[in-house]
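Values in this document were obtained by computation on a predicted structure and should not be read as measured data.
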Amino acid sequence: MGKPVIATASLAGCFGCHMSILDIDERILRLVELVEFNKSPIDDIKRFTKPADIGLIEGGCSNSENVAVLRDFRKNCRVLVSLGECAVMGGLPALRNSIPLKECLEEAYLNSPTVDPGERVIPNDEDLPVILDKVYPCHEVVKIDCFLPGCPPSADLIWEALTAIIEGRPLNLAYDLIKFD
Amino acid sequence: MAKAKDIVHRHPKDPAALLDVVRDVQAAFGHVPDEAVARIAAHLKLSEAEVRGAVTFYHFFSADPRGASTVYLNDSITSRMKGRAAVAKAFEDEAGCAFGRVSGDGRIGLFPTSCIGMNDQEPSAIVDGVVFTRLTPESARALVRGLREGRPAASQVAELGDGANQSELVRAMVANNIRERGPVLFGAHESGAALRKAVGTTPEKVIEEIKRAGLLGRGGAGFPTGLKWEFCRREKAVERFVVCNADEGEPGTFKDRVILTELPRLLFEGMAVAGYAVGARTGVLYLRSEYAYLRAHLEAALEAMRQDGLLGRAAAGSEGFSFDIVIKSGAGAYICGEESALLESAEGKRGEPRDRPPFPVSSGYRNLPTTVNNVETLATAARILVEGAAWFKAMGTPQSAGTKLLSVSGDCGRPGVYEVEYGLTLAALLEMAGGAGAKAVQVGGPSGTCVAQDGFGRKICFSDLATGGSVIVFGPERDIFEIVGNFMDFFVEESCGWCVPCRAGNVLLKKKLEKVVRGLGTEADLRDLEAWGKLVKATSRCGLGQTSPNPILTTMKSFPELYAAKVRKGEDFVPEFDLEAALRTGCEAAGRRPECKESLHE
Amino acid sequence: MSEIRFTIDGRPCVARAGQTIVEAAKANGVWIPVLCHYEGLKPVGSCRICTVRVAGRYMAACTQPVTEGMAVENTAPDLEDMRKSLIEMLFVEGNHFCPSCEKSGNCELQALAYRYRMMVPRFPYLWPGRALDARAPRLMLERNRCIQCLRCVRGIRAKDGRKVFAAVERGPRVTIEIDQRLAAGLSDAEARRAMDICPVGAILRKETGFAVPIGKRKYDGAPIGSDVEKGAGR
């Protein structure tokens, strides 16, 4: 049996959770021993080349591409993890959720001050992903197996979760591992 | 705004007058403007925020204009079953605005409202305080046209109902629909006989007689009335009160309406008997706003009883006993049928339930010992005093003595009120009411139980199907999920919002139910419905939340096959998320094709 | 003064007459989770997180007086899960963005979620539209974070006794309103008390925030309730 395969992605997030993965310090050397990375910004593999054991999702779903990536991950990952506040509950991008989307777009693209006097449009290029009516937590779109809150989740929590999943044991959640900020 | 000032200053500088002031302002202006709020606050020594709190709590008060004329169309399930949709559309077409809005010319406001106690003559509406029953799209249109032409709602009542509905002080098109006259409430009664008998003996003996009769509260909870009076009497206090709960808000109940219309003197006599028993000098009738059209009639009955010496000083000729009754009005809130919320409202506050203990018998109206009894209970108590405990106990079942007044509505040939002995089976009741062939019967309203055919042998009594009186019949074609959805909407609308499980839990239950009904449910979703229902029942603060999951929980029990047929078997996760719907606004705003691809960015 | 004997999860305890279950438990070193409860204010039983079971009946421990012989269940797994559910309900009912909230680390709702190991609410998010009110000179009312616990309604009054905060609307629309006229007269100390009395970040003083660094905040180190439980060793 080969090493467990890990894939990661950042949807509507800030990459802070990925930074936190790197924050496990010298344990990253052990991690590299333990696992193999597949589709991930960490190794810049763009598409799944094989099924993954663990998928780490940072960020919620704010546009059509986020949904597509998330569904792709669900298809290819045995255990899917919502990593961080945005994946778990929408996070700061979801601040827009209580405001109708149309108002948000008009405020951002049509009514706000600008130094460019040209014509104002709501971005409409067919190649752009389409924005969703609101930001969805990942588990409202696909089945999520494990949730790691935090902004970002601490490196210790990420380490604990990864080793627990790899070893097939329940997470040991010490009090100071759980933070929402 | 000189007028608002005048209205406010007509009232005492007492916070307890808050609802009375607001009611007068609302009536004069069609809403409660900010300037009036400031005046009211200053006059009653309240903060403006508190005044706004009361204005926004009650359905018939509003901070925003509700139109020169306001239509409140009943939204109960029975109204829907009897053609509400077409009537609503007619109102909207003729008024030129949707429900929840006021027409552009400001003349007509259209608003939905919870059950107004006319379930036997739906669809019905309250228009500028006047009740209109058995509405049709044609009558709805004519009504709005008439209002626009300046003809007041009252002048548009074409045909009056029966009995006291025809009296000058009522003049309502409401029909009594008394289908079964029983010996207790509808037996021949000589006005004053009960009170004279009471004052001829000791209060203790009166309580003893009620206890021997085994009278249990008719509102639905079934607390022994004699015991309640005894507890109240035992409290040491400078003053005690009798409060009559005439706020029957459970959808489908309207039996107290008939008592208030046809037997007000019997009811008031019952209150006086209770007053004598507990040692009270004052009775308060808390009348639901929907029955405000009966107020003048009730005041007249009170005045007549004063003239007859049955109320006031030395009532019924007893030198030591003085008792009189005042009427307090509600303003549209189901929760005020809960006794402690009713007391808060009667004291001029938001109708939010109190924590118990202390119970009203020790700390009730104005924090003084109070017995709160249902309309039917008090009227029944008066009859027991005249006819005796043994007579009463001989009727019904050993645990549920006497008769019960039922409000029967829905898919049946003879909707109306039935005074029947406890122990009657649903099958027998359906036979009487012309509802044979029903698919289900809702006993006790939304907070009660939905009984399927296999339960029609069950009995109306406290040990089986306890009910405040609402019985709604559902014919074979009815969609159970539409009924459950309507009931859950009702609880969401009527929750006072004080406690978390009821305020948020009912919304979440409704959402989960919708997921299942849309065919997006899994077996796990059904388990959630059950668990969340139990949670809301167990942790809610008052009877509303403790029963609000019942529409879901009791239909899951009586119609498990309907729920099973809705869920996707074998699938462990089905999201509610609908990509197409989620993309719609974004596409529209950017002027892009709605069939926009969701494929991966290549 | 008469002493009442009762038990919590089988453990013998004593109470004074008139004490609520929450007060008596605390005096016996037993923590019952509370959120709307605030010492010195009349308990109102709005959050229901203190729900306990006595003889099969559920009740709010913050409003229920202790009676002789009462056997209180406090930590039964199903009860604890109900409490966790209520905490989760509050998270989906409002708009709680902990990473951007000044109260984070000092927030009692968040602390309860930590203690109960809430990783994600079991309920769908409702995303209500709630307006922020920053008109008062010293205070902001951030309704997105409000849990309608009514502490401010009960605890903050003007000099003449009028309520500065009041609940408006009903059902799921209930929000707290701040009386502009009375709020204008609040002193700095009173504004501080209003902020301190609020268990979440719904009432905030203007021109101050994030004063305590991460790591030193109230619930950074020890779970909520630890102080009560420490007393148990007396």
Side-chain angles (χ1 to χ4, degrees), chain A residues 13-14 16-17 20 57 60-61 80-101 103-104 132-141 143-154 157 160-161 164 170-181, chain C residues 84 87-88 90-132 142-146 175 200-201 210 212-215 217-226 229:
Chain A
C14 69
C17 299
S20 203
I57 302 287
C61 289
L80 200 55
V81 181
S82 267
L83 182 67
E85 284 298 295
C86 299
V88 171
M89 58 79 69
L92 295 201
L95 276 168
R96 73 168 167 95
N97 280 9
S98 51
I99 303 163
L101 174 61
E103 275 176 46
C104 291
L132 304 180
D133 59 345
K134 60 185 185 193
V135 178
Y136 292 84
C138 292
H139 64 277
E140 292 187 9
V141 177
K143 184 172 193 294
I144 298 289
D145 305 298
C146 177
F147 297 87
L148 303 178
C151 185
S154 69
L157 176 62
E160 165 59 22
L171 271 66
N172 179 16
L173 294 169
Y175 175 76
D176 50 6
L177 285 187
I178 303 174
K179 292 282 175 282
F180 300 162
D181 58 5
Chain C
K84 192 178 179 192
I87 294 162
E88 293 173 6
L90 285 169
F91 270 90
V92 302
E93 189 203 21
N95 299 311
H96 297 277
F97 296 97
C98 296
S100 63
C101 178
E102 297 88 314
K103 199 69 173 256
S104 192
N106 297 310
C107 167
E108 293 174 40
L109 174 66
Q110 187 192 58
L112 283 167
Y114 290 169
R115 176 153 179 157
Y116 278 88
R117 303 292 192 270
M118 181 189 96
M119 305 305 270
V120 65
R122 70 196 69 185
F123 308 105
Y125 286 93
L126 298 175
W127 308 120
R130 291 187 185 166
L132 185 148
E142 186 14 329
R143 294 193 181 92
N144 287 292
R145 303 165 183 168
C146 179
T175 55
V200 292
F210 299 106
V212 183
I214 291 180
R217 301 169 305 182
K218 196 166 176 192
Y219 302 111
D220 280 337
I224 190 169
S226 305
E229 288 160 328

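Contact count against chain C (heavy-atom pairs under 4.5 Å) is highest for A:Leu95 among A:Leu95, A:Leu177, A:Ile99, A:Ile144. Of the residues considered (A:Val88, A:Asp176, A:Asn97), A:Asn97 shows the highest number of contacts with chain C, using heavy-atom pairs under 4.5 Å.
Proximity to chain A is limited to the backbone of C:Pro128, based on heavy atoms less than 4.5 angstrom apart. Of the two parts of A:Ala87, neither the backbone nor the side chain holds a non-hydrogen atom closer than 4.5 Å to a non-hydrogen atom of chain C. Looking at A:Pro100, neither its backbone nor its side chain comes within 4.5 Å of chain C, counting heavy atoms on both sides.
For C:Arg130, there are no side-chain hydrogen bond (donor to acceptor under 3.5 Å, both in side chains) partners at least two apart in sequence or on another chain. Here C:Arg117 pairs with nothing under the side-chain hydrogen bond (donor to acceptor under 3.5 Å, both in side chains) rule; sequence neighbours left out. Applying the side-chain hydrogen bond (donor to acceptor under 3.5 Å, both in side chains) rule to C:Arg143 yields no partners; only residues at least two apart in sequence or on another chain are considered.
Proximity of A:Lys179 to C:Ile214: side-chain heavy atoms (C-beta onward) are nowhere separated by under 4.5 Å.
The contact list for residues 91-102 of chain C toward chain A, using heavy atoms and a distance under 4.5 Å, reads C:Phe91, C:Asn95, C:His96, C:Phe97, C:Cys98, C:Pro99, C:Ser100 by residue number.
Under the 6.0 Å cut-off for aromatic ring centres, C:Tyr125 and A:Tyr136 do not qualify, their centroids lying 6.0 Å or more apart.
Between A:Phe180 and C:Tyr114, the shortest heavy-atom distance links the atoms N-OH, 2.8 Å. Closest approach of C:Trp127 to A:Ala94, counting heavy atoms only: CH2-CB, 3.8 Å.
Here CE of C:Met119 is found 4.5 Å from CG of A:Leu173. Values are rounded to the nearest 0.5 Å.
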